[in-house]
Amino acid sequence: MTRSQRLFIVLMILGFAFARASWAQEAAKLARADGAETPLRVFRPASGGTQSCAPLALISPGAGGTENGYAYLAEGLRDRGWLAIVIGHKESGPGVLLSKAARSGLHGGLTEMVTDPALHRDRLMDVAAALGWAEKQCQRPYKVLLGHSMGSQTVMMEAGADNKLGVHGQDRFDAYVAISPSGPGSIFPEHAWSKIHKPLYVLTGTQDKGLEGDWQWRARPYDDLAPGCKWLGVIDGATHLNFAGIGFAAKTKKLTLDSVGLFLDGAKRGTCNAPKAETGMELKSM
């Protein structure tokens, strides 16, 4: 691994871990079904009134990410009345990425992680632990799973997408948001997403490059979905790390929050109105 690759990895991990991390928020550690630990960062909405049992939004980070990232997304959802929780996936966190990248380079290390069935099963156990913890407090009126990058793979597997890794979720959520998803390739076969019937928002950017393709590749899952509250958003100029709140990401963060909020409002109401025009991005629905 070259010096520039090592520097990029360090900066990426620091960005995932500390990009506007809200240290005042509640931290929790849960026992997973296999006895391993699942760390969370919890963003609670204002209490009282209709928010006594708020709808639930779980956020699954990308490879190398932690529960301390994606604060902009969690805070935005909290401010819209959601109980927002960022999940830490320790088996696919920063230490694992550093180790694999040191041995196989950045591209090789990331590929090893995202194609490892065991890591995806661990992630789904983390999701189950977070969901169980939130529902012990009250029966949530609406539940959504959001994920970025490797987290979007977690979202798609939970929602019922076919995959080549033999990993199966339980479709325990009312709606899904997949940011920077993977198209057909090493993980998902062609037409992997045709069995997903619940509301799903696929979001990418024109500079959102993936391990196996560009943004058009990332948008491919949308083309395979059955109609019915399915959205595709493409933010002009948004990079992969911008969606994690890293770099010059103000525009991407705003458009992500605005469009995700609009999508979830419609999905929760059961109307899923066509998206309004947003300057700086393209939106379409079916």
Kindly determine whether Ser194 and Asp224 satisfy side chain to side chain contact (heavy atoms under 4.5 Å, CB included), including the steps that lead there. CA-CA 5 Å; Ser194 60; Asp224 193 45; 3.7 Å; yes
List the steps, then state whether side chain to side chain contact (heavy atoms under 4.5 Å, CB included) holds for Met156 with Ile187. CA-CA 11 Å; Met156 293 299 198; Ile187 302 167; over 6 Å; no
Hey, mind stepping through Ile85 and Ile59 against side chain to side chain contact (heavy atoms under 4.5 Å, CB included) and telling me if it holds? CA-CA 6 Å; Ile85 299 175; Ile59 301 169; over 6 Å; no
Side chain to side chain contact (heavy atoms under 4.5 Å, CB included) between Asp79 and Phe43, intermediate numbers included: CA-CA 9 Å; Asp79 293 345; Phe43 297 72; over 6 Å; no
For the pair Arg41 and Glu26, evaluate salt bridge (charged side-chain N to carboxylate O under 4.0 Å, His left out) and give the outcome as yes or no after the intermediate values. CA-CA 6 Å; Arg41 189 156 293 274; Glu26 175 186 345; over 6 Å; no
Between Asp162 and Lys195, does the salt bridge (charged side-chain N to carboxylate O under 4.0 Å, His left out) criterion hold? Intermediate values first, please. CA-CA 8 Å; Asp162 290 334; Lys195 298 177 183 177; 3.7 Å; yes
Stepwise side chain to side chain donor-acceptor pair (under 3.5 Å) test for Ser60 and His148: CA-CA 7 Å; Ser60 176; His148 173 235; over 6 Å; no
Going through the distances and angles, do Tyr222 and Trp193 end up as a ring pair (Phe, Tyr, Trp, His ring centres under 6.0 Å)? CA-CA 8 Å; Tyr222 175 81; Trp193 306 272; over 10 Å; no
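Although no hydrogens or angles enter the test, the distance criterion places a donor-acceptor pair under 3.5 Å between the side chain of Asn163 and the main chain of Gly166. With hydrogens and angles ignored, the 3.5 Å screen pairs a side-chain donor or acceptor of Lys251 with a backbone N or O of Asp236. The main-chain N or O of Ala130 is never found under 3.5 Å from a side-chain atom of Asp126 such that the two would form a donor-acceptor pair. No donor-acceptor distance shorter than 3.5 angstrom exists from the side chain of Gln153 to the backbone of Pro181, with no hydrogens or angles considered. A donor-acceptor pair is defined here as one N or O able to donate and one able to accept, closer than 3.5 Å; no such pair exists between the side chain of Thr239 and the backbone of Gln207. Although no hydrogens or angles enter the test, the distance criterion places no donor-acceptor pair under 3.5 Å between the side chain of Ser99 and the main chain of Gly95. Put simply, the side chain of Lys268 never gets that close to the backbone of Gly266: no donor and acceptor are under 3.5 Å apart.
Note: the hydrophobic cluster containing Leu283 also contains Leu264 (ILVMFWY, side chain heavy atoms under 4.5 Å, direct or indirect links). Each of Val167 and Met125 belongs to its own hydrophobic cluster when Ile, Leu, Val, Met, Phe, Trp and Tyr are linked at side-chain heavy-atom distances under 4.5 angstrom. Phe188 and Leu124 fall within the same hydrophobic cluster, where Ile, Leu, Val, Met, Phe, Trp and Tyr residues are linked whenever their side-chain heavy atoms come under 4.5 Å apart, directly or through other members. If you chain together hydrophobic residues whose side chains sit under 4.5 Å apart, Leu200 and Trp217 never meet in one group. Cluster annotation: Leu40 is connected to Leu131 through the hydrophobic network of ILVMFWY side chains, with a link wherever side-chain heavy atoms come within less than 4.5 Å.
Between Trp82 and Val144, some side-chain heavy-atom pair lies under the 4.5 Å cut-off. Contact annotation: the side chain of Val155 never approaches that of Val177 to less than 4.5 Å [non-hydrogen atoms, C-beta and beyond]. Using a 4.5 Å heavy-atom threshold, the side chains of Glu67 and Pro61 count as separate. Within the 4.5 Å cutoff, no side-chain heavy atoms of His89 are placed close to those of Asp122. Residues Leu211 and Leu110 meet the side-chain proximity criterion, which asks for heavy atoms closer than 4.5 Å. Considering only heavy atoms from C-beta on, Phe243 comes within 4.5 Å of Thr252 through its side chain. Counting heavy atoms from C-beta on, the side chains of Arg78 and Gln25 come closer than 4.5 Å. Proximity of Val127 to Thr154: side-chain heavy atoms (C-beta onward) are separated by under 4.5 Å at one or more points.
Between Ala54 and Pro45, the shortest heavy-atom contact is CB-CG, 3.7 Å. The shortest heavy-atom contact between Arg220 and Gly183 is CB-CA, 4.5 Å. Closest non-hydrogen pair, Met113 versus Gly93, comes out as CE-O, 4.3 Å. Summarising the geometry of Thr111 relative to Thr115, their closest heavy-atom pair is O-OG1, 2.6 Å, with the distance given to 0.1 Å. Nearest heavy atoms, Gly185 versus Lys164: O-NZ, 2.6 Å.
For the residue pair Glu112/Ser104, the side-chain donor-acceptor check at 3.5 Å is satisfied. Side-chain atoms of Ser186 and Glu212 form a donor-acceptor pair, as typed in the model, at a separation below 3.5 Å. Side-chain polar atoms of Ser182 and Arg218 form no donor-acceptor pair below 3.5 angstrom.
Atom CD of residue Glu75 and atom CZ of residue Arg80 lie 11.5 Å apart, to the nearest 0.5 angstrom. Considering NZ of Lys209 and CH2 of Trp215, their distance stands at 14.0 Å, rounded to 0.5 Å. Once rounded to the nearest 0.5 Å, the distance linking OG1 of Thr204 with CD1 of Ile235 reads 8.5 Å. To the nearest 0.5 Å, atoms OG (Ser259) and CD (Glu278) are separated by 6.5 Å. Atom CG of Leu77 and atom CG of Leu257 lie 6.5 Å apart (nearest 0.5 Å). Here the straight-line distance linking atom NZ of Lys143 with atom CG of Leu83 works out to 12.5 Å at 0.5 Å rounding.
Judged as a side chain to side chain donor-acceptor pair (under 3.5 Å), and not counting sequence neighbours, the contacts of Ser149 are His240. Partners of Lys90 under the side chain to side chain donor-acceptor pair (under 3.5 Å) rule, at least two apart in sequence or in another chain, are Glu37. For Lys254, the side chain to side chain donor-acceptor pair (under 3.5 Å) test picks out Asp258, with sequence neighbours left out. For Arg121, there are no salt bridge (Lys or Arg N to Asp or Glu O under 4.0 Å) partners at least two apart in sequence or on another chain. For Trp231, the ring-ring contact (aromatic ring centres under 6.0 Å, His included) partners are Tyr201, Phe263, not counting sequence neighbours.
Under a cut-off of 6.0 angstrom, the local environment of CD in Glu135 is crowded, with over 12 non-hydrogen atoms contributed by other residues, nucleotides or ligands. Within 6.0 Å of NZ in Lys29 there are 12 or fewer heavy atoms belonging to other residues, nucleotides or ligands.
Evaluation of the disulfide (SG to SG under 2.5 Å) test over residues 136-254, restricted to residues two or more places apart or in two chains, returns Cys53-Cys138, Cys229-Cys272.
Using a 4.0 Å cut-off between charged side-chain N and carboxylate O, Asp171 and Lys198 make a salt bridge.
Just one residue in the list His168, Arg123, His120 forms a side chain to side chain contact (heavy atoms under 4.5 Å, CB included) with Met157, and that residue is His120.
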